[in-house]
Colleague: 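Pasting in a structure now, in structure tokens, and then I'll have a few things to ask.
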Amino acid sequence: MTDRPNVLWIMADQLRWDYLSCYGHPHLHTPHIDALAARGVRFDRAYVQSPVCGPSRMSAYTGRYVRSHGSTWNGMPLRVGEPTLGDHLREAGARAVLVGKTHMIADREGMAWLGIDPASEIGVRRSECGFEPFERDDGLHPDSHRQKWSAYDDYLVAHGYVSDNPWEDFANSALAEDGERLSAWLLKHSRLPADIPEEHSETAYMTNRAMDFMRDAQASGRPWLCHLSYIKPHWPYIVPAPYHDMYDETHVIPPVRSQAERKTNHPLMRAYLDARVCRSFSRDHVRETVIPAYMGLIKQLDDNLGRLFAWIDETGLSETTIIAFTSDHGDYLGDHWMGDKDFYHDAAARVPLIVSDPRPEAAATRGTVCDDLVEMIDLAPTFMAAMGCPPKPHIVEGRDLTPILHGAGGVGRRYAISEHDYHWSDMAQALDVPQEDAHTTMIFDGRWKYVRCEGFRPVLFDLDTDPEELIDLGPSETAEHVQVRARMEAALLTWATRHHARITATPQVLAGQRRAAQDGILIGFWDEAEYEAATGIAFGDLKPQGRQ
């Protein structure tokens, strides 16, 4: 074990926290992820900074809240000057490498304004969220026609799967008996097998590419972070054989929902429930068709991770590599009469997080469960600390989890924060909410989950008495609930008004500002004696520049 371990950071897109057997799912057995938890720390209350792909990932990659980095929704570029985990690690002599998805949109206008060529080394890093792209594939390109052509598309063509869009036509479609292609974008086809052998699927391919990178990296001698970012189990919900029929409707857990939720008088929540994806997943036959495929995708992921972990053990990398496993958000799957993500029930905002640290200091915590509140932004400072990067509290807002991993205490977080910009959505259109007001923010203290809905009353859940989040206490006039809402709103204001944009003010810069009087910048002193009493420096010893 070296002083500077490598890091393998695995992220599965749209994976619910409770769809792993180590988190309690009764039917979906994930032995390889469970084994990772057995040799690491399983975090039981980890929350993302936005319940949607793009901003959640930008927070993960910067260690900063959404209100700080400004990439508030999918398609919102991360501004060109925003520091990322990759930038910090490079300063420490380590590599930060991408294999898979980031959902990053480059700030091309910003780069053009600064004269940065997108094809240059700096331009590529700015376009790839600070990562060195070993292999990037965001998927989700149903009409690519080579406009979003990826190396995975080339791989499929090389193996005989030829079309203008092999990602959709084979990996994300099924084949009818008469040869018709059946798109997985239509939920009714979810239980059919994808028209691709499992070994050529996206999940298997990205697993292989991660091994390719790690094999190449062993020769370089430089410490590395590999972000292995799987596209699945994100929709389109379809999985190749034999995973397509491993589960059926008997394995589908009943939805968490109530008629009171359905009858809510909250305008924004009503608009959510009326959105197309929520109406769809409110139907039992949709859940019974989609969820078995979703479970199959997770089972396939676990099997491929088992293959990857076995290879890591065989090569000896497990002795020198921290492995972190998580997700960028969850999936409602019909809970609370909702589908997809985009709000703050635990089904969407709470994620699995497992960190296995091979260093001797972590021996005592192997196989433990931590119920501290942690956030996705905590991973960046944790990886930075492990790889020799000094703390940067003026930039990174997350908290280093090393004390938890090494049994040295917690991180002392009182609240978890998550944000959502819904300006693009059915909800904003239905309510005629302008872009600047289409914003919600969640603050959670471990018991009370408070959601500030700009322009509407708040939503409040008490997870002690209502762990399934079925009863909205936002309109309650009970004294306790009134006090809780006021306290949570005040806490949210305190968080929102903290410094978050002072990223160029390093500790050295601040120390220099504090030395102003010693350096001869004299503001408010009456005479020499007052100066000497305040600074301990004889006035006659001032530096020459102070005598201007």
Colleague: Does Asp342 offer a backbone N or O that forms a donor-acceptor pair with the side chain of Tyr272 under 3.5 Å?
Modeller: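 Yes; judged by distance alone, with no hydrogens or angles, the pair exists.
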Colleague: Please tell me if the side chains of Asp371 and Val369 come closer than 4.5 Å, counting only heavy atoms from C-beta onward.
Modeller: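 No, too far: nothing below the 4.5 Å cut-off.
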Colleague: Would you give the length of the straight line joining atom CD of Gln49 to atom OG1 of Thr62, rounded to the nearest 0.5 angstrom?
Modeller: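 Spacing of CD (Gln49) from OG1 (Thr62) equals 9.0 Å.
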Colleague: Would you call the rings of His345 and His336 parallel, tilted or perpendicular if under 30° counts as parallel and over 60° as perpendicular?
Modeller: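 Aromatic pair His345/His336 classed parallel.
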Colleague: Could you please spell out the steps behind the salt bridge (charged side-chain N to carboxylate O under 4.0 Å, His left out) verdict for Asp137 and Arg209?
Modeller: CA-CA 11 Å; Asp137 183 8; Arg209 292 298 286 152; over 6 Å; no
Colleague: About how many Å separate CD1 of Ile323 and CG of Leu8, when rounded to the nearest 0.5 Å?
Modeller: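 Going from the CG atom of Leu8 to the CD1 atom of Ile323 covers 5.5 Å.
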Colleague: Does any part of the side chain of Ile377, heavy atoms only, come nearer than 4.5 Å to the side chain of Arg64, both counted from C-beta?
Modeller: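 They are not in side-chain contact.
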Colleague: Can you find a pair of side-chain heavy atoms, one from Glu419 and one from Ser59, that are under 4.5 Å apart?
Modeller: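 A side-chain contact under 4.5 Å is absent here.
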Colleague: Hey, what do you get for CD (Glu454) to OG1 (Thr440), rounding to the nearest 0.5 Å?
Modeller: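 Output value for this atom pair is 10.0 Å.
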Colleague: For Thr382 and Asp400, which heavy atoms make the closest approach, and how far apart are they?
Modeller: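 Taking every non-hydrogen atom into account, CA-OD1, 3.4 Å.
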Colleague: How about CZ on Arg498, more than 12 heavy atoms from neighbouring residues, nucleotides or ligands closer than 6.0 Å, or not?
Modeller: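 Counting other residues, nucleotides and ligands, CZ of Arg498 exceeds 12 neighbours.
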Colleague: What's the spacing between Ser50 OG and His69 NE2 if we round to 0.5 Å?
Modeller: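 Atom-to-atom, Ser50:OG and His69:NE2 are 8.0 Å apart.
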Colleague: Verify the distance criterion only: is there a donor paired with an acceptor across the side chains of Asp462 and His481 at less than 3.5 Å?
Modeller: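 Short answer, no.
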Colleague: Could you check Phe383, Phe213, Phe134 and say which one makes a ring-ring contact (aromatic ring centres under 6.0 Å, His included) with Trp224?
Modeller: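 The passing option is Phe213.
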Colleague: Please check if atom CD in Glu109 has more than 12 non-hydrogen atoms from other residues, nucleotides or ligands closer than 6.0 Å.
Modeller: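 Open: at most 12 neighbouring heavy atoms sit under 6.0 Å from CD of Glu109.
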Colleague: Decide if atom CZ of Arg270 counts as having more than 12 heavy atoms of other residues, nucleotides or ligands within a radius under 6.0 Å.
Modeller: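 Result for CZ/Arg270: enclosed.
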Colleague: Using the ring of each side chain (for Trp, its six-membered ring), is His266 parallel, tilted or perpendicular to Phe456, with breaks at 30° and 60°?
Modeller: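 Aromatic pair His266/Phe456 classed tilted.
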Colleague: Could you tell me the separation between the CD atom of Glu397 and the OG atom of Ser68, rounded to the nearest 0.5 Å?
Modeller: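 Separation between the atoms: 3.5 Å.
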Colleague: Evaluate the ring planes of Trp9 and Phe131, with Trp represented by its six-membered ring, and classify them as parallel (under 30°), tilted (30 to 60°) or perpendicular (over 60°).
Modeller: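 Judged by the thresholds at 30° and 60°, the geometry between Trp9 and Phe131 is tilted.
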Colleague: Measuring only between side-chain heavy atoms, which start at C-beta, is Pro458 closer than 4.5 Å to Tyr450?
Modeller: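 The answer is yes; the side chains approach within 4.5 Å.
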Colleague: How close do Ala12 and Ser327 get, heavy atom to heavy atom, and via which atoms?
Modeller: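 Residues Ala12 and Ser327, closest heavy atoms: O-OG, 2.9 Å.
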Colleague: With heavy-atom distances below 4.5 Å as the criterion, would you say the side chains of Glu91 and Pro390 are in contact?
Modeller: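 Glu91 does not reach Pro390 side chain to side chain.
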Colleague: Any side-chain heavy atom of Val124 within less than 4.5 Å of one from Pro133?
Modeller: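 Val124 reaches Pro133 side chain to side chain.
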Colleague: Before accepting this row, confirm whether a basic side-chain N of the pair Lys392/Asp87 lies closer than 4.0 Å to the acidic partner's carboxylate O.
Modeller: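 Salt bridge: no.
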Colleague: Look at the side chain of Arg126 and the backbone N and O of Val80, then say whether any donor-acceptor pair between them is shorter than 3.5 Å.
Modeller: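 Side chain of Arg126 to backbone of Val80: a pair is present.
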Colleague: If every non-hydrogen atom of Ile322 is compared with every non-hydrogen atom of Ala386, which pair is closest and at what distance?
Modeller: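 For Ile322 versus Ala386, the nearest heavy atoms are CD1-CB, 3.7 Å.
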Colleague: Could you tell me whether a side-chain N or O of Arg42 sits under 3.5 Å from a main-chain N or O of Cys22, the two making a donor and an acceptor?
Modeller: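 Checking the backbone N and O of Cys22 against the side chain of Arg42, a donor-acceptor pair under 3.5 Å is found.
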Colleague: Does the side chain of Leu473 come within less than 4.5 Å of Trp448's, by heavy atoms?
Modeller: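 Yes, at least one pair of side-chain atoms sits under 4.5 Å.
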Colleague: Considering residues, nucleotides and ligands other than Ile122, do more than 12 of their heavy atoms fall under 6.0 Å from its CD1?
Modeller: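 At most 12 heavy atoms, drawn from other residues, nucleotides or ligands, come within 6.0 Å of this atom.
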Colleague: Counting C-beta onward and ignoring hydrogens, is there a side-chain heavy-atom pair between Arg359 and His406 closer than 4.5 Å?
Modeller: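 A side-chain contact exists here, since the closest heavy-atom pair is under 4.5 Å.
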Colleague: Looking at Arg125 and Glu121, is there a salt bridge between them, counting it only when a charged N and a carboxylate O are closer than 4.0 Å?
Modeller: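 Answer for the salt bridge query: yes.
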Colleague: Between Asp44 and Arg350, is there a salt bridge with N-O shorter than 4.0 Å?
Modeller: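 A salt bridge links Arg350 with Asp44.
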Colleague: Within 45 degrees of the ring normal and closer than 6.0 Å to the centroid, is that where the cationic atom of Arg67 sits relative to Trp495?
Modeller: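 Yes, a cation-pi geometry.
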Colleague: Minimum heavy-atom separation for Ser356 to Leu36, with atom names?
Modeller: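 Nearest pair, atom of Ser356 first, then Leu36: CB-CD1, 3.6 Å.
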Colleague: Which pairs with one or both residues in residues 468-477 pass salt bridge (charged side-chain N to carboxylate O under 4.0 Å, His left out), sequence neighbours excluded?
Modeller: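 Listed by first then second residue: Lys449-Glu469, Arg457-Asp472.
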Colleague: Test salt bridge (charged side-chain N to carboxylate O under 4.0 Å, His left out) on Arg16 and Asp335; report intermediate values, then the result.
Modeller: CA-CA 12 Å; Arg16 278 178 61 137; Asp335 283 358; 3.1 Å; yes
Colleague: Looking only at side-chain N and O atoms, does Ser318 offer a donor or acceptor that is under 3.5 Å from a partner on Arg39?
Modeller: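 Ser318 and Arg39 do not have a side-chain donor-acceptor pair below 3.5 Å.
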Colleague: Relative to each other, are the rings of His420 and Trp424 parallel, tilted or perpendicular (30° and 60° limits)?
Modeller: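 Perpendicular.
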Colleague: Search all heavy atoms of Ser71 against all heavy atoms of Met76 and return the closest pair with its distance.
Modeller: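 Residues Ser71 and Met76, closest heavy atoms: OG-O, 2.6 Å.
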Colleague: Hey, is Asp372 close enough to Arg45 for a salt bridge, meaning N to O under 4.0 Å?
Modeller: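 Result for this pair is no, no salt bridge flagged.
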Colleague: Atom CG of Asp328 and atom CE of Met11: how far apart are they, to the nearest 0.5 Å?
Modeller: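 So the CG of Asp328 and the CE of Met11 are separated by 5.5 Å.
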